Amino acid sequence: MDVTGILDEHKSRFKSVQVDRLIPPEIDLGMLASFDINMINDAKLKANQNTRDTYLKELSREGAQLLINEIFSLPTTVDDDGIYASLPKATTVLPREKPVPKEKLLTRWEKFAKIKNIQKRKKSRMAFDEEQGEWRPRYGFKGINNDDQKPWLIEVPGNADPYADQYQARRQEKKERVEKNKRRQQRNAEEGVATEKGLKPQEMRKRELQKALVMSKGSTASLGKFDEKLKGEPKIKGLKRKFDPLVSTVDKEKSKNMDILNRVAKKESSATVLNVRKAQRAINNSKRKQK
Amino acid sequence: MRPLTDDETKVLFEKLTKYIGRNIVHLIDRPDEPYCFRLQKDRVYYVSEDIMRKATAIKRQNLISLGVCFGKFTKTGKFRLHITALPYLAQYAKFKVWVKPNGEMPFLYGNHVVKAHIGRVTEDIPEHQGVVIYNMADVPLGFGVSARSTVDMRKIDPTGIAVFHQADNGEYLREEDTLF
């Protein structure tokens, strides 16, 4: 019995698993993607819609076929649910969505520690309180550095005033330590901002000060128009000078000039002292007239 | 060319009041024609409104001069009067000094006025006040600043300086290229 006819018929119903490509397409199994860089048949693409559609469909089928061929060549595991192929890691590099996080700026201490090669050592959270004979946290609630756990007796140091409150001194000392640390934190933050902007910290501070100065100068009712100039006051940069229009109505300019003149003349007249001779002469003249 | 700002106007008027006092009013408020002050390349020009309007058609770089140059602003923001302002100063001057014929030339060569050359003086000139200097024929020669008050002027010796030189008509020749 010849079955080749039946086989051929069966074969022609399915498409070939074999795909021929001039350049073998890149396949990224981890992503389940294949990239075909072969030339596209331009004539078919620009032909009528039917031809184009069948061409594109064929192209994508072949790509998918190649991918599936690769998947079948992977090692498989058989489970109760079915057969699993384990995919390798993706090789395609996708661009990041978010920018790369900035490196954290070093504080002054961290810089120093780096130079001196000082390693950070992990301290345990709990510390043994020898006075009470129990383990307590180093800081925080019921911590050993807390004032509520103050010693019932403090020895007065030899050179201290015997009537001074040692508990008060203790509290004060801690307060100062905290304040100092806060100041340093602030300084580190400021320096961090400055270096991020590519400036020297002193330069940055100067700029901030100038900005504050400009703000405060503009905070009067006249927006700083009549403010006295400070000695050595820096010239404000970035402010646009504004001039009156070159040609305006005559009266407007005249009245403005008159205003200024009045102000100047008033100042001038108040500055001049009484001219005794002139005054005397005026009095004499008026007396003569009366006669 | 642009109008003066308030500050610049103040500086200009403060300088002018030293010479003509409140008579600046007559410069601002003229009966014949409206006049205005305009700044062009640091120089202050006193110009009639009509000419100023015509000058607006000229590019700033190309405009060399217009009207009468009163003086210029220095880099430090002070105002310096030029000799070209003399006709207006002479017209409205409050304090005048007349020099004798033998004192004309020394003054016109840029020297201070010594007491020996003074012919006549306005009474009651205070010290360091702007004065306009005339010859005996009442022709204005220049201006300066009084070194002494009128009373003290009588006491100094003949070679003592009575008026400090600021500008004189000789500058039209000496500083021809930079004056306008």
Side-chain angles (χ1 to χ4, degrees), chain A residues 214 217-218 220-237 239-286 288, chain B residues 1-30 33-40 46-58 60 63 66 77 79 94 122-130 149-152:
Chain A
V214 172
K217 288 221 93 175
T220 55
S222 61
L223 298 177
K225 196 177 170 187
F226 300 107
D227 278 14
E228 288 270 315
K229 272 245 162 71
L230 297 174
K231 199 182 170 191
E233 186 183 311
K235 210 176 172 190
I236 298 163
K237 278 181 189 167
L239 266 192
K240 238 183 168 187
R241 295 187 303 170
K242 214 174 173 188
F243 299 120
D244 292 336
L246 180 57
V247 178
S248 62
T249 55
V250 183
D251 295 335
K252 213 174 174 184
E253 202 174 322
K254 200 190 281 176
S255 66
K256 199 174 151 193
N257 279 350
M258 281 294 195
D259 276 352
I260 294 168
L261 175 61
N262 284 336
R263 238 182 291 149
V264 169
K266 210 185 215 174
K267 211 167 149 193
E268 202 78 359
S269 62
S270 67
T272 48
V273 252
L274 176 72
N275 191 331
V276 180
R277 277 165 48 82
K278 206 172 183 178
Q280 228 164 23
R281 198 153 16 107
I283 293 165
N284 287 347
N285 283 349
S286 61
R288 218 174 292 151
Chain B
M1 183 173 55
R2 65 167 170 85
L4 306 182
T5 62
D6 287 1
D7 287 339
E8 284 162 347
T9 314
K10 206 176 125 207
V11 172
L12 170 67
F13 284 180
E14 269 167 4
K15 181 64 96 161
L16 283 176
T17 42
K18 288 210 172 109
Y19 294 87
I20 59 177
R22 278 210 64 115
N23 288 336
I24 303 174
V25 178
H26 302 303
L27 293 178
I28 301 166
D29 193 10
R30 282 167 70 121
E33 210 185 333
Y35 266 66
C36 55
F37 291 101
R38 284 290 179 273
L39 190 88
Q40 159 74 4
Y46 180 59
V47 59
S48 82
E49 174 108 4
D50 184 38
I51 290 172
M52 185 270 291
R53 276 174 191 274
K54 280 170 184 152
T56 54
I58 300 166
R60 194 177 292 176
L63 184 63
L66 75 159
F79 184 74
K94 265 170 83 182
T122 320
E123 279 202 38
D124 313 317
I125 303 177
E127 209 177 1
H128 306 314
Q129 181 74 34
S149 63
T150 310
V151 190
D152 294 340

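Residue numbers start from 1 in every chain, and the chains themselves are labelled A, B, ... in the order their sequence lines are given, proteins ahead of strands. Computed from a predicted structure; not experimentally measured. Heavy-atom basis, side chains included; hydrogens, waters and symmetry copies ignored.
For B:Met52, the part lying near chain A is the side chain, with the backbone staying farther off; criterion is any non-hydrogen pair under 4.5 Å. With a 4.5 Å cut-off on non-hydrogen atoms, B:Val151 touches chain A through its side chain but not through its backbone. Residue B:Thr5 touches chain A through its side chain alone, counting heavy-atom pairs closer than 4.5 Å.
Side chain of B:Arg38 to main chain of A:Leu246: a donor-acceptor pair is present (N/O by atom type, distance under 3.5 Å, no hydrogens or angles).
Comment: A:Asp244 does not engage B:Arg2 in a salt bridge, judged by the lack of any side-chain N to carboxylate O separation of less than 4.0 angstrom. Taking the charged nitrogens against the carboxylate oxygens, A:Arg263 and B:Glu14 have no contact shorter than 4.0 Å, which rules out a salt bridge.
A:Glu253 has its side chain out of reach of B:Leu4: every pair of non-hydrogen atoms, C-beta onward, lies at least 4.5 Å apart. A:Lys256 places none of its side-chain heavy atoms less than 4.5 Å from the side chain of B:Thr9.
The structure places CE of A:Met258 at 5.0 Å from CD1 of B:Ile28, a figure rounded to the nearest 0.5 Å. Rounded to the nearest 0.5 angstrom, B:Tyr35 OH and A:Asn257 CG are separated by 15.5 Å. If you take CZ on A:Phe243 and CD on B:Glu8, they are separated by 6.5 Å, rounding to the nearest 0.5 Å.
Taking every heavy atom of both residues into account, A:Ala265 and B:Arg22 meet most closely at CB-NH1, 3.5 Å. Nearest heavy atoms, B:Pro3 versus A:Pro245: CG-O, 3.4 Å. When all heavy atoms of A:Ile260 and B:Phe13 are compared, the pair lying nearest together is CG2-CD1, 4.0 Å.
Counting heavy atoms of neighbouring residues, nucleotides and ligands inside a 6.0 Å radius, atom NZ of B:Lys10 does not exceed 12 of them.
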